[in-house]
Each structure stands twice: as structure tokens, then as C-alpha cells.
Amino acid sequence: RLFDNHIFFNANTMTNVQYNTPNVIFGTGVSSPVINAWSMAPSTMIQSPINMQISVPGALLIDRAETLDLHFLSKKQGAGHGKARVAVNVKYMGQYDDFNILSPVPTFTYEEQSKDFEVFEPLESHEVRHICVSVPLQKTSIKKCNFIVLSVTRIDPEHGLEYTEDIYLASAILHYTQL
């Protein structure tokens with residue numbers, strides 16, 4: 001019997017080599033809520049990947065990863081609107097597998113790319129706009145005790161003009177099917 005499950009990541013459970021903590025992009029914390037998110041520059045800028053990592057429990061078999069839902073926010077930055085696209089590099093590491101993280105081009109298990117998505121800024125500077133992007137993952141069998149690294153970067157859209165300002169990755173959900 002198969003069960004659908006999810007692993008949730010908020011901005012505080014993600015990492016980035018350039019910054020120690022995510023940006024506070026909304027609110028003051030005094031009289032309004034605060035939303036943390038990672039800044040992702042346009043593809044024409046140097047990319048600093050946003051990373052997520054999980055360990056598959058030894059008693060759990062994940063049959064297949066289905067999708068990675070990425071929840072972005074945009075804020076008023078004066079660019080109006082445009083297109084964006086992301087790449088998700090995935091590394092599955094089994095027992096005693098190696099991963100050269102200092103290689104100029106680390107060898108990932110595979111890369112998936114999102115479709116182009118629209119970025120519209122909110123009308124007011126005190127607002128944020130939510131954008132959910134689903135990236136289908138390969139139906140690769142993930143084994144128990146795997147260590148998984150997901151690394152997200154912004155890439156050039158295939159069609160249309162790229163949104164010229166930062167977008168903000170606030171959370172993600174990995175959907176998978178469990179035996």
C-alpha cells in the first residue's frame with residue numbers, strides 16, 4: 001500500500017554559503033509578523049545556491065520523489081513584472097558514497113528545471129506576493145539511510161524577459177510516495 005507524504009522546509013532550515021541567515025523581507029516583528037526568505041538574484045548575476053538537506057530514516061523506504069514545491073515571495077522593487085525559472089540539483093548519497101562539495105562543478109545525481117513562471121510585484125511596498133512553483137523530480141528510487149541534498153539556483157527563462165530583481169524563497173515541500 002502506498003502513502004503520500006511530505007517533508008517541509010522553511011527558510012530557517014535552508015542554507016546558503018553567502019549568508020548565515022535568511023533575509024527578513026516582510027514585517028517588523030513589533031506590530032506585524034515577520035517573514036524570512038532567501039534572496040535569489042537574477043540569472044545574470046553570480047548565483048549562490050539555496051540548499052536543503054534531509055536524511056532518509058533507516059526504517060522508512062521512500063519509493064519515489066514526486067515534486068518539489070517552491071514557495072517564492074516578491075516585493076515591490078520597481079521592476080514591475082517578468083519571468084523567472086529555477087534549476088534544482090539533486091544529490092542522493094547512499095552509505096559510504098562520496099560527494100566532492102569543493103569541486104568547481106559538483107557531480108549531482110541529476111538536475112531538474114522548472115518551467116518559466118511569472119513574477120508580478122505587489123502594488124504596495126508593505127505587501128509581498130506569493131508564487132508557488134512545482135518542479136517535477138525524477139521517479140528515482142530513494143533508499144533507506146540516504147542523505148539527500150537539494151540545491152536551488154535561478155536560471156534564464158526559456159521565453160520572455162527575465163524579472164530583473166530578486167525573488168525570495170520562503171519555503172519548500174518535497175512530496176514523495178512511501179511504501
Sidechain-backbone polar pair: Gln53 side chain, Phe147 backbone, donor-acceptor under 3.5 Å: no
Pairwise side-chain contact, Met14 with Val152, heavy-atom cut-off 4.5 Å (strictly under): no
Closest contact, heavy atoms only, Ala11 versus Trp38: O-NE1, 2.9 Å
Flag, side chain of Ser114 to backbone of Val86, donor-acceptor distance under 3.5 Å: yes
Residue pair Ile155 / Glu162: nearest heavy atoms and the distance that separates them: O-OE2, 4.1 Å
OG1 on Thr153 to CD1 on Ile46, rounded to 0.5 Å: 13.5 Å
Cluster link Met45 to Tyr168, ILVMFWY, side chain under 4.5 Å: no
Exam field: side chain Asn36 to backbone Asn12, donor-acceptor pair closer than 3.5 Å: no
Separation between CZ of Arg85 and CD of Glu158, rounded to the nearest 0.5 Å: 4.0 Å
Ring centres under 6.0 angstrom apart (Phe120, Tyr163): no
Heavy-atom neighbours of Tyr19 OH exceed 12 at 6.0 Å: no
Min side-chain heavy-atom separation His130-His71 under 4.5 Å: yes
Rounded distance [0.5 Å steps], CD1 in Ile7 versus CD1 in Ile54: 3.5 Å
Close side-chain approach of Glu165 and Val119, heavy atoms under 4.5 Å: no
Spacing of Cys132 atom SG and Leu70 atom CG [to the nearest 0.5 Å]: 7.5 Å
Min side-chain heavy-atom separation Asp69-His175 under 4.5 Å: yes
Greater than 12 external heavy atoms within 6.0 Å of Asp98's CG: no
Lys83 side chain near His159 side chain, heavy-atom distance below 4.5 Å: no
Chi angles and distances behind the salt bridge (Lys or Arg N to Asp or Glu O under 4.0 Å) call for Lys75, Glu121: CA-CA 6 Å; Lys75 63 182 188 176; Glu121 293 181 357; over 6 Å; no
Sub-4.5 Å side-chain heavy-atom contact between Arg154 and Gln47: yes
Nearest heavy-atom neighbours spanning Pro157 and Gly160: CG-O, 4.4 Å
Asn146 side-chain N/O to Ile148 backbone N/O, donor-acceptor pair under 3.5 Å: no
Nearest-0.5 Å distance, CZ of residue Phe9 to CG of residue Leu68: 7.5 Å
Phe72 ring center near Phe117 ring center (under 6.0 Å): yes
From CG (Asn16) to CE (Met40), nearest 0.5 Å: 9.0 Å
Trace of the side chain to side chain donor-acceptor pair (under 3.5 Å) decision for Asn10 with Ser171: CA-CA 4 Å; Asn10 65 31; Ser171 66; over 6 Å; no
Check: Ser39 main-chain N/O paired with Asn23 side-chain donor or acceptor under 3.5 Å: yes
Shortest non-hydrogen contact from Pro22 toward Ala37: CB-O, 3.5 Å
Verify same cluster id: Ile173, Ile131 (apolar side-chain graph, 4.5 Å): no
Shortest non-hydrogen separation from Glu127 to Leu123 and the atoms involved: OE1-N, 3.5 Å
N/O donor-acceptor pair under 3.5 Å between Gln77 side chain and Asp166 backbone: yes
